[in-house]
Amino acid sequence: MPKFDPSAVGAAYIYAAVADHVAARIASGELPTGSRLPGERELAEEYGVALGTARRAVAELRERGLVTTLPAKGTFVV
């Protein structure tokens, strides 16, 4: 999987680029069904983005039907 580079995103929204990258990791099997995604703070650190951007990326993944969030449990690949 290529490394995420937020400066290469250009005019696109950063949250969408993060969501696309995580979606690609899911599609490649790096994040298999049932696996727990890192927390939003961890994602923000991993991708070098603001916490709000990571939250919006996770929300985008939920909207795409790729993950589900269980309160007090975490976010999991579906």
task = Can you establish whether the number of heavy atoms outside R64 located under 6.0 Å from its atom CZ is more than 12?
result = yes
task = Determine the minimum heavy-atom distance between A19 and A57, stating which atoms define it.
result = CB-O, 3.8 Å
remark   = Correct closest heavy-atom pair for K73 and R36 would be O-NE, 3.3 Å
Partners passing side-chain hydrogen bond (donor to acceptor under 3.5 Å, both in side chains) against E46 (at least two apart in sequence or in another chain) = R25
ask   = Given side chains that start at C-beta, do those of V78 and V67 come closer than 4.5 Å, heavy atoms only?
value = no
note = CG (L61) and NE2 (H21) are apart, to the nearest 0.5 Å, by 12.0 Å
Value rounded to 0.5 Å, distance of OG1 in T33 from CZ in F76 = 13.0 Å
query = Are V58 and V77 linked, directly or through other ILVMFWY residues, by side chains that come within less than 4.5 angstrom of each other?
reply = yes
ask   = Does E42 have any side chain to side chain contact (heavy atoms under 4.5 Å, CB included) partners at least two apart in sequence or in another chain, and if so, which?
value = P38
ask   = Between R62 and T68, do the side chains contain an N or O donor and an N or O acceptor separated by less than 3.5 Å?
value = no
request  = Mind listing the closest non-hydrogen atom pair of A23 and L66 along with its distance?
outcome  = CB-CD1, 3.6 Å
query = Roughly how far apart are T75 OG1 and L70 CG, rounded to 0.5 Å?
reply = 8.0 Å
query = What's the shortest heavy-atom distance between R41 and L51, and which atoms?
reply = NH1-CD2, 3.5 Å
request  = For V22 and Y47, work out which heavy atoms get closest and say how close.
outcome  = CG2-OH, 3.5 Å
remark   = Note: G29 and P32 closest approach over all heavy atoms is O-CD, 3.6 Å
